Amino acid sequence: MRLELHFGDITEYKEDCIVNAACTSLLGGGGVDGAIHNAAGPELKEFCKTLGGCKVGEAKLSPAFNLPSKFIIHTVGPRFLFKSEEEIQDLKNCYLNSLKIAKQQKLETLVFSNISTGVYGFPKDLAAKYSFEVITSFLMENEYPKKVILCCYDIENLELYANILKNNL
Ligand code: APR
């Protein structure tokens, strides 16, 4: 099975690469971004300073430093302010651009956090729907990453994805 649903703390994953729900500065924040920076240590922030920030919908790669994973892909999700098609496309691009980096790097496993569904307030049901669509179509067309793990940290996201997987796989 190339797509797995987990409930857990993304900072504990030993897989190749975890995906951070970052902010445009890439210099850390709260939520999963804060947890990842705390666990990775201060070298992560120093490295991210060399990346020159990241636009909404884009993704950038860094080492994982003190984290058990090898790499981190930092992607910046949209806030859902205007309920616009553009914001939906930005969220899809977060997943697509992260998957493209994983393909480029020939990563075996990519672990996603639920981008934009916390502080940025993107509706969890829409985020689950669109991220599932992007991930499954990418995996159908590409060998890498070999596997994607959806790492949920709250029950609401877990149940939304569980229903989608049950009805679609
Ligand atoms: N492991 C996995 N998922 C986590 C963890 C964790 N340790 N901590 C939080 N999450 C989940 C939240 O439950 C939520 O479902 O990550 C998801 C994304 O929530 P946020 O971290 O708030 O990210 P986002 O909504 O994209 O907002 C990003 O918040 O923390 C700041 O610097 C960050 O400005 C950026 C903004």
Side-chain angles (χ1 to χ4, degrees), residues 3-42 44-49 51-62 64-84 86-99 101-102 109-132 134-135 147-165:
L3 178 58
E4 288 181 12
L5 178 60
H6 291 196
F7 183 72
D9 180 341
I10 203 166
T11 64
E12 295 172 0
Y13 278 75
K14 299 177 177 57
E15 276 71 13
D16 297 310
C17 186
I18 61 172
V19 182
N20 179 25
C23 57
T24 51
S25 71
L26 296 183
L27 301 183
V32 69
D33 194 12
I36 285 172
H37 273 268
N38 286 341
L44 176 59
K45 186 171 180 177
E46 288 313 304
F47 180 89
C48 286
K49 282 178 183 170
L51 295 177
C54 185
K55 292 193 181 80
V56 173
E58 293 189 3
K60 293 194 177 177
L61 183 74
S62 82
F65 298 106
N66 300 337
L67 281 167
S69 58
K70 295 191 193 78
F71 300 106
I72 306 165
I73 289 174
H74 306 264
T75 189
V76 181
R79 297 168 190 266
F80 201 56
L81 299 175
F82 307 106
K83 302 179 180 23
S84 66
E86 189 193 351
E87 287 165 335
I88 290 171
Q89 193 53 53
D90 282 341
L91 185 72
K92 288 181 176 179
N93 288 340
C94 285
Y95 284 89
L96 185 58
N97 288 322
S98 299
L99 287 160
I101 292 174
T109 306
L110 188 60
V111 187
F112 275 108
S113 56
N114 307 140
I115 310 299
S116 276
T117 66
V119 168
Y120 283 173
F122 204 101
K124 294 185 180 184
D125 56 339
L126 294 182
K129 171 180 180 304
Y130 294 123
S131 58
F132 177 80
V134 169
I135 293 166
K147 183 165 78 173
V148 168
I149 295 174
L150 295 163
C151 175
C152 297
Y153 195 66
D154 56 81
I155 295 291
E156 190 184 352
N157 269 316
L158 185 72
E159 287 175 350
L160 285 164
Y161 278 108
N163 282 330
I164 291 172
L165 266 69

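Please read all numbers here as calculations on a predicted model, not as lab measurements. Heavy-atom basis, side chains included; hydrogens, waters and symmetry copies ignored. All ligand and atom numbering here is 1-based and tracks the order in the structure.
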For this session: Among all protein heavy atoms, pick the one closest to atom 12 (C) of ligand 1 and tell me residue, atom and distance.
Result: Asp154 OD2, 4.1 Å
Exercise. Does an N or O from Gly30, backbone or side chain, lie closer than 3.5 Å to an N or O of ligand 1?
Worked result: yes
Exercise. For atom 34 (O) of ligand 1, which candidate among Tyr13, Tyr120, Phe112 provides the closest heavy atom?
Worked result: Tyr120
Problem set entry | Ile115 N/O under 3.5 Å from ligand 1 N/O | no
Exercise. More than 12 non-hydrogen atoms from neighbouring residues, nucleotides or ligands closer than 6.0 Å to NZ on Lys45, yes or no?
Worked result: no
Exercise. Nearest to atom 21 (O) of ligand 1, what protein heavy atom do you find, and at what distance?
Worked result: Val32 N, 2.8 Å
Exercise. Short question: side chain of Lys49, backbone of Leu27 - any donor-acceptor pair under 3.5 Å?
Worked result: no
For this session: Just need the protein heavy atom nearest to atom 33 (C) of ligand 1, so name the residue and atom and give the distance.
Result: Asp33 OD2, 3.6 Å
Exercise. Does ligand 1 have any atom that is closer than 4.0 Å to a heavy atom of Ser116?
Worked result: yes
Exercise. Has the side chain of Thr75 got a donor or acceptor atom that lies under 3.5 Å from a matching backbone atom of Glu58?
Worked result: yes
For this session: Decide yes or no for Leu51 and Cys48: does some side-chain heavy atom of the first lie under 4.5 Å from some side-chain heavy atom of the second?
Result: yes
For this session: Under 4.0 Å, heavy atoms only, figure out whether ligand 1 is touched by the backbone of Ile36, its side chain, both or neither.
Result: neither
Exercise. Hey, which atoms in ligand 1 end up nearer than 4.0 Å to a heavy atom of Thr117?
Worked result: 14 (C), 15 (O), 17 (C), 25 (O)
Exercise. Can you tell me which residue and heavy atom of the protein come closest to atom 25 (O) of ligand 1, and the distance to 0.1 Å?
Worked result: Gly118 N, 2.8 Å
For this session: Please confirm whether Val119 comes within less than 3.5 Å of ligand 1 when only nitrogen or oxygen atoms on both sides are compared.
Result: yes
Problem set entry | Residue pair His74 / Ser62: nearest heavy atoms and the distance that separates them | NE2-OG, 2.9 Å
Exercise. Based purely on interatomic distance, does Tyr153 place a nitrogen or oxygen under 3.5 Å from a nitrogen or oxygen of ligand 1?
Worked result: no
Exercise. Quick check: does Cys151 get an N/O under 3.5 Å from an N/O on ligand 1?
Worked result: no
Exercise. Quick one: nearest non-hydrogen protein atom to atom 17 (C) of ligand 1, plus distance?
Worked result: Asn114 O, 3.3 Å
Exercise. Taking all non-hydrogen atoms of both residues, which atom of Thr117 and which atom of Ala127 are closest, and how far apart?
Worked result: CG2-CB, 3.5 Å
Exercise. Are a donor atom and an acceptor atom from the side chains of Asn163 and Glu159 found within less than 3.5 Å of each other?
Worked result: no
Exercise. Under 3.5 Å between some N or O of ligand 1 and some N or O of Ala21?
Worked result: no
For this session: Number the atoms of ligand 1 from 1 as they appear, then name those within less than 4.0 Å of a heavy atom of Asn157, with their elements.
Result: 15 (O)
For this session: For atom 1 (N) of ligand 1, find the nearest protein heavy atom and state the residue, atom name and distance (0.1 Å precision).
Result: Ile10 N, 3.0 Å
Exercise. Between the main-chain N or O of Asp16 and the side-chain N or O of Thr109, is there a donor-acceptor pair closer than 3.5 Å?
Worked result: no
Exercise. Does any N/O atom on Asp9 come nearer than 3.5 Å to any N/O atom on ligand 1?
Worked result: yes
Exercise. Sub-3.5 Å donor-acceptor pair from the side chain of Asp125 to the main-chain atoms of Leu160, do we have one?
Worked result: no
Problem set entry | Side-chain touch Phe71/Ile101, heavy atoms, less than 4.5 angstrom | no
For this session: Please confirm whether the backbone N or O of Ala39 pairs with a side-chain atom of Asn66, one donor and one acceptor, at under 3.5 Å?
Result: no
